[in-house]
Peer 1: 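I'd like to ask some things about the structure below.
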Number of protein chains: 2
Amino acid sequence: MSNSSPATIEDVARIAEVSIATVSRAIHTPEKVAKSTRLKVNQAIAVTGYTTNAMARSLRLGRSNMILVVAPDIGDPNFSNILVGLENEARAHGYGVLIGHTQNDAQRGLEYLKFLNSSQAAGLILFTGILPFGHQAMTARLPPSVGVFEPVFNGGIPYVGVDDIEGARKAVDLLIAEGHRKIAFVGDSRTRLAYNRRRMGYHAGLDAAGIPPGGRIVMEGDGTIESGRLALEQLFVRDDLPTAFMCVNDQTALGVMIGLKARGYEIPRDFSVTGFDDVPQASFMTPSLTTVRQPRTAIGKRAMALLLEMLSDATPAETEILLRPDLVVRNSVAAPARQRATR
Amino acid sequence: MSNSSPATIEDVARIAEVSIATVSRAIHTPEKVAKSTRLKVNQAIAVTGYTTNAMARSLRLGRSNMILVVAPDIGDPNFSNILVGLENEARAHGYGVLIGHTQNDAQRGLEYLKFLNSSQAAGLILFTGILPFGHQAMTARLPPSVGVFEPVFNGGIPYVGVDDIEGARKAVDLLIAEGHRKIAFVGDSRTRLAYNRRRMGYHAGLDAAGIPPGGRIVMEGDGTIESGRLALEQLFVRDDLPTAFMCVNDQTALGVMIGLKARGYEIPRDFSVTGFDDVPQASFMTPSLTTVRQPRTAIGKRAMALLLEMLSDATPAETEILLRPDLVVRNSVAAPARQRATR
DNA sequence: CCGCACGATGTAAACCTTTACATTCGGCTC
DNA sequence: GAGCCGAATGTAAAGGTTTACATCGTGCGG
């Protein structure tokens, strides 16, 4: 019954006593084959346990029904929920999802490009702001692609993200409403566009509140826990400290909170902190983190929907889709203390 | 130069003025082609930007050079480091890695099985204790496979994990050495073998210290934060509380700590807590968590090495590989308080 | 100088599909 | 009853490789 090698369409044809063409038609365009024949074929399929060889099919068709998702860091807490959105949407349209992990390694990116070149995937979802593949020439024949979070540098690739400016604005507005006037922004970055946008939201909020540019504190950072802690250390050599830290993401906020606690301060009594992303851990930090939620599942769903649309039309309807982020108020923000405890 | 469709071996052959067979040989068995010819071919390859169509190749060969990694939950903090180990080892041997995400959904597992059946992957790494695919018949023609963390139920599949018993033993021994006598184990589970083993280590440690079975407290749990919190709540209706919580994993420990803090207790002054896994967040919890480290990268490396060995020999040398876990001492354990603060 | 062996290369089949085109056959129109 | 049409099915090519086998030519031994 179950041979060592899987059943082919020919095995099915032999058992059903029809030609292989008929079997293929019975599977893909059942309305073109007589009902009685269809029945015979289906029985033969059941008997043999036949599943079509996707590789041969894709080779013939020149396209597959797999979507490749390339991410630099699978461990990113932002990743998994997006992935769920991507997968569900893909499945609903008969596509499967495979994940490629580049670890920010160009060589590895190139491997996935080969994979794509072999038309083993019909489309590409990119989690990285830059094309992971160096070769410009090869880039030319990329399949339909969609970026997530950030626009893909240098390719005419549409993307789905969140309105970072609006999200940051919501965070800073909350801090201002609580009475903060001296607010530091932690995590400025030249390379990551999303971070840049969040900084823009920060400035916009302060402008709207009439807080002069002079007193603003912007610290660099790459979004890691360590960068948050480091930024904090540098701030503490200043003479005038902020009363609140608006962090570019939750990891940075965690770093800041760890540093603050290490110095013996209590949050939010002594300092307020906000994050961005609402990663799963945010609600389990102490204190739980007030942050801006990315609608991750929705982003994934939208990105995949866009890609599938491109796969059928080849005309990307939109080139940029920004979803609305929401503020999640927890316990890391309070009104500023009257007087600051000195170090 | 860069046509819309990728260059084929025929294009290369035409430019190099040789046959396609020679091109193929120049690539895969260079020693069989004259040096001068090899040169011409290489130049032609460079000109055309040719990369072999992996799909056609695999179709012909009946095997691919991709390894499929199937995990129920990509978001599991244990996953990403393992993956790095897997990937690095695979790359070193010319294999690529693709990740399949089942979300514990049998249907999805079946899709990946089809993928395997089309010999789109040469081997399989399974992160789940049960075969994700229902059909027994299909299971018969699984490619060489290796499990990670837990033995795969019901298949003769070798696996690589950690010595859970020894790891748990190290944790409980530490607690005993600190003077604890009343130690609760949180996270017993019938379905997860690894958890069972950790409970066995717990008992072994108490036995060795001569602590009678009567006083042991074993709470059920599925390893989630919520299950830890829940177990704690149930414990607090008892009259004699433990002085330490030995948790089946770090998530559970986090849940316990959150619950303890919510009740106004301080860790480790009032209660000690240990975890298992040493997930990245463990060092950032407050207090930082004393836990048992899984050598994740090593596990991944070992699992892939075993799989590659099977791919060449087809005889799995070992059927079970257990690595040694280490205790990581941080700040969540201290000697038990003389007298417990009442609620 | 003939024959042989061997190294280098070419030819063609095979892997498993899909699908354009060809064929067959029954039923309908006139 | 002849011709035609359309439905159902079959035949065969194509997609890009790899490789067994065939071919070619060169160098060497006798």
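All figures in this text were calculated on a predicted structure; none of them were measured in a lab. To find a chain, count down the sequence lines: A is the first, B the second, and so on, and within it residues start at 1.
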Peer 1: Nearest of D/dT9, C/dT9, C/dT17 to any side-chain atom of B/Ala34?
Peer 2: C/dT9
Peer 1: Base, sugar-phosphate alone, or nothing: which one does A/Ser58 contact when heavy atoms must sit under 4.0 Å apart?
Peer 2: nothing
Peer 1: When all nucleic acid strands are considered with a 4.0 Å heavy-atom cut-off, which category describes B/Thr8: base, sugar-phosphate, or nothing?
Peer 2: sugar-phosphate
Peer 1: For residues 66-88 of chain A, which side-chain N or O atoms pair as donor and acceptor with protein atoms under 3.5 Å away, sequence neighbours left out?
Peer 2:
{"residue": "A/Asp73", "atom": "OD1", "partner": "A/Gly75", "partner atom": "N", "Å": "2.8"}
{"residue": "A/Asp76", "atom": "OD1", "partner": "A/Asn78", "partner atom": "N", "Å": "2.7"}
{"residue": "A/Asn78", "atom": "OD1", "partner": "A/Arg296", "partner atom": "NH1", "Å": "2.7"}
{"residue": "A/Asn78", "atom": "ND2", "partner": "A/Asp277", "partner atom": "OD2", "Å": "2.8"}
{"residue": "A/Glu87", "atom": "OE1", "partner": "B/His101", "partner atom": "ND1", "Å": "2.8"}
{"residue": "A/Glu87", "atom": "OE1", "partner": "B/Gln103", "partner atom": "NE2", "Å": "2.7"}
{"residue": "A/Glu87", "atom": "OE2", "partner": "B/His101", "partner atom": "ND1", "Å": "3.4"}
{"residue": "A/Asn88", "atom": "OD1", "partner": "B/Arg108", "partner atom": "NH2", "Å": "3.1"}
{"residue": "A/Asn88", "atom": "ND2", "partner": "A/Val84", "partner atom": "O", "Å": "3.4"}

Peer 1: Rounded to whole angstroms, how far apart are CD1 on B/Ile20 and C1' on D/dG16?
Peer 2: 8 Å
Peer 1: Hey, which of these two, B/Glu17 or B/Leu61, hits DNA chain C nearer its 5' end, going by closest nucleotide?
Peer 2: B/Glu17
Peer 1: Donor-acceptor check, side chain of A/Ser118 to backbone of B/Asn53, threshold 3.5 angstrom: yes or no?
Peer 2: no
Peer 1: Can you tell me which nucleotide in D/dG10, C/dG10, D/dT9 comes closest to the side chain of A/Thr37?
Peer 2: D/dT9
Peer 1: Look at the side chain of A/Thr48 and the backbone N and O of A/Ala44, then say whether any donor-acceptor pair between them is shorter than 3.5 Å.
Peer 2: yes
Peer 1: Test your reading of the model: is there a side-chain donor-acceptor pair from B/Thr8 to the backbone of B/Glu10, 3.5 Å cut-off?
Peer 2: yes
Peer 1: Could you check whether A/Glu150 and A/Tyr159, counting side-chain N and O atoms only, form a donor-acceptor pair closer than 3.5 Å?
Peer 2: no
Peer 1: Just wondering, are more than 12 heavy atoms of other shown residues or ligands nearer than 6.0 Å to CZ in B/Arg91?
Peer 2: yes
Peer 1: For nucleotides 20-27 of chain C, which of its nitrogen or oxygen atoms have a protein nitrogen or oxygen under 3.5 Å away, and what is each distance?
Peer 2:
none

Peer 1: Distance check needed: C/dT17 P versus B/Lys114 NZ, whole Å only.
Peer 2: 13 Å
Peer 1: Give B/Ser118 one of three labels, base, sugar-phosphate or nothing, depending on what nucleic acid heavy atoms sit under 4.0 Å from its own.
Peer 2: nothing
Peer 1: Could you give the CZ-to-C1' distance, from A/Arg63 to D/dG15, as a whole number of Å?
Peer 2: 13 Å
